[in-house]
Amino acid sequence: MMLIGTGSGAAANLMSDPVPQVRTVGRTEDRLLASDVFETRRRTLPPRNGTGTYREAAREVPIYHRCEVLVVGGGPSGCAAAYAAARTGADVVLLERYNHLGGLSTGGLVIWIDRMTDWEGRAVIRGFAEELLDRLPRQAVAGPPREQWGSRDAATAAYWGQRTAAFHGIVTWSPTIDPEHLKVLSQEMLLQAGARLVFHGWSALPIVEDGRVRGVLFETKAGRQALMAQVVVDATGDGDVFARAGAQFDTDIEAGDVHHSTNTAFLLGGIDMERWLAFRRGEPERFADFMRRGREQLGFFQTPYVSWRNDVALFLGPRQSGLSALDVDDMTEVEIRSHRFMAHHCEFFRAHAPGFESAYMLLSAPQLGVRHTRRLVGVARVERAQWSSGIALPDEIGVSPSVSPKFPLISVPYGALVPRALDGLLACGRHMSCDANSHGFLREIPQCWLTGQAAGVAAALAAAAGVAPRALDVGGLQRALQGQGVYLRTRASRDADTHGAAAAPPPAADYATSR
């Protein structure tokens, strides 16, 4: 089912767009999340007039550093990768284009961390993710207490459902966090582990020799420099390194799908979230009128999410389709629209929403909210057909919660991080190898922590052994991951798993023949 509605009013007029549309996507088996996705037919920017090419002169590039493991990108997966690799004793460099770590979980204001528990309340995304959240100060995390994880009590689930921590009537561990505390903690954990941080450095081109990535060229205020490594971990989120190195990737973006939209999140301060929630829950007719008026006046309209504080509201929109996060003009368009939407939402909520009478614009995310651009074509991948099986794959490097209670846990294979034919590189985070449906949950922050930790440990072990990542002993990798607190299903735990995983020991994985 797909319903199209048009809107008008101040927001549409300010954007010089006579036909803004809100696309409401219905829930189906394969499209598991519904969302309002903003679409528009006109662009703010005039068309480009560049033509032809310019030949760049060859030059000698100074080498900044040589390391064992280079992690490109300091988002959730990159932080996990760098930390995990450094904990094994590897010489690690983390290259990050912004001035902070955490990526979308901090600079992108995706401060609602999705589910890390299964539908019984058991924590399954652990390791780095668990250590990171456990180290945050109490005032920087808001979420249900451990004893309520998995609760199906209607009143408890209703309470946490309004606070993005209960789904399908079940309480889950999916907290909201203070992004500034997470920035500082991520930085200090990596420094304490021995990783070298390079902020304000933008990876430009991979260094590839004989089918193997050996480092990257990166740009800073000092000009172009080189970082050399035995193993490179692409944690850019967009596959910038592996794509430019020649690895295969998928780009099957569906314009109307929420999983493929982009947005700039924002925070409003000076609000009373408990008062707003009481209004939303307790006055349904007045709330319906409020929503109708918002859609009429603003065209696109969105209600807030809770944050880690009662006086700060989070808005994760507008989700915008038909724009590519690989096109600089499209990215600029998203930012222009989003800043306008922030101003209009603040004005409207201040005038009409209980609890928002003193609201003010606190922060628009400095980092664009990208859900999908490229996905690696790997040796293996997570697929929709796998969701119902509950089988622990032979090269399991992590376990993800399933998308609904009707599905068992989902096994994430090491092969999903290994390019089909490119050596010297592993890929983790939202651009890992999976099909489009599975990408909807594998792109979430906890799953990025999961795959990042696996990539970091694998990169460190491969560098230490002097082997290509595809030739790494998977059993040794799994033992090392379990030593870092990662939840994996050994044969004993698989036999006891109530989700029906295979009891027989799986055969050993072989990546050497997968090229």
Side-chain angles (χ1 to χ4, degrees), residues 32-33 73-84 101-106 108-136 140-144 146 149-150 160 163-167 170-179 182 185-186 189 235 237 259 305 308 316 369-372 382 387 396-404 407-413 416-417 428-432 434 438-457 481 484-489:
L32 292 162
L33 296 176
S77 70
C79 285
Y83 182 73
L101 299 177
L104 287 179
S105 64
T106 56
L109 295 181
V110 186
I111 58 176
W112 163 38
I113 309 301
D114 209 352
R115 295 174 297 110
M116 288 174 281
T117 48
D118 65 12
W119 298 106
E120 304 304 318
R122 173 179 51 179
V124 294
I125 295 185
R126 303 185 61 186
F128 175 78
E130 191 171 59
E131 185 175 354
L132 185 70
L133 293 180
D134 284 350
R135 288 195 187 190
L136 282 171
V141 185
R146 186 176 294 269
W149 299 355
W160 287 112
R163 293 159 179 81
T164 61
F167 307 91
I170 302 171
V171 178
T172 65
W173 178 231
S174 43
T176 56
I177 52 90
D178 178 344
L182 188 59
L185 177 60
S186 300
M189 284 179 62
H259 299 306
Y305 295 85
W308 76 103
L316 287 177
V370 179
R371 290 169 176 80
H372 180 270
V382 178
W387 295 6
E396 180 176 274
I397 46 82
V399 178
S400 172
S402 62
V403 294
S404 80
F407 295 114
L409 295 171
I410 296 174
S411 184
V412 181
L417 314 182
C428 56
R430 70 170 183 256
H431 58 222
M432 63 169 286
C434 60
S438 301
H439 182 262
F441 64 89
L442 289 172
R443 64 175 171 81
E444 298 290 353
I445 288 166
Q447 285 79 1
C448 289
W449 284 332
L450 181 159
T451 57
Q453 184 162 19
V457 172
L481 287 170
Q484 291 193 6
V486 173
Y487 173 71
L488 296 177
R489 292 171 291 183

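Along the sequence shown, residues are numbered consecutively beginning with 1.
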Grab the two heavy atoms, one from [X] and one from [Y], that are nearest each other, plus how far apart they are.
X: Leu450; Y: Ile125; result: CD1-CG1, 4.0 Å
X: Ala80; Y: Phe128; result: CB-CD2, 3.5 Å
X: Cys448; Y: Gly429; result: SG-CA, 3.7 Å
X: Thr172; Y: Ser174; result: OG1-OG, 2.9 Å
X: Ser402; Y: Pro408; result: CB-O, 2.9 Å
X: Met116; Y: Ala129; result: SD-CB, 4.3 Å

Return the [atom1] to [atom2] distance between [X] and [Y], rounded to the nearest 0.5 Å.
X: Glu130; Y: Tyr487; atom1: CD; atom2: OH; value: 12.5 Å
X: Glu120; Y: Ile170; atom1: CD; atom2: CD1; value: 7.0 Å
X: Leu133; Y: Arg126; atom1: CG; atom2: CZ; value: 12.5 Å
X: Leu442; Y: Ile410; atom1: CG; atom2: CD1; value: 7.0 Å

Not counting sequence neighbours, which residues clear side-chain hydrogen bond (donor to acceptor under 3.5 Å, both in side chains) with [X]? List them please.
X: Ser411; result: Glu396
X: Ser400; result: Gln447
X: Ser105; result: none
X: Thr117; result: none

- Within the distance-only criterion (no hydrogens, no angle test), does the side chain of Trp112 pair as donor or acceptor with the backbone N or O of Thr164 below 3.5 angstrom? yes
- Message: With a 3.5 Å distance limit and no angle check, can you tell me whether Gln453 reaches the backbone of Val486 through a side-chain donor-acceptor pair?
- Response: no
Results of side-chain contact (heavy atoms from CB on, under 4.5 Å) for [X] - residues two or more places apart only:
X: Arg163; value: Tyr159, Trp160, Glu274, Leu277, Val306
X: Leu417; value: Ile397, Tyr414, Leu426, Met432, Thr451, Ala454, Ala455
X: Asp178; value: Ala140, Glu180, His181, Trp308

- Test side-chain contact (heavy atoms from CB on, under 4.5 Å) on Met189 and Leu101 and set out the steps. CA-CA 11 Å; Met189 284 179 62; Leu101 299 177; over 6 Å; no
Is there a side-chain contact between [X] and [Y] (heavy atoms, below 4.5 Å)?
X: Trp119; Y: Phe167; result: yes
X: Arg115; Y: Phe441; result: no
X: Pro144; Y: Trp149; result: yes
X: Leu185; Y: Leu132; result: yes
X: Arg371; Y: Arg443; result: yes

- Using the test salt bridge (Lys or Arg N to Asp or Glu O under 4.0 Å), find all partners of Arg135 that sit at least two apart in sequence or belong to another chain. Glu131
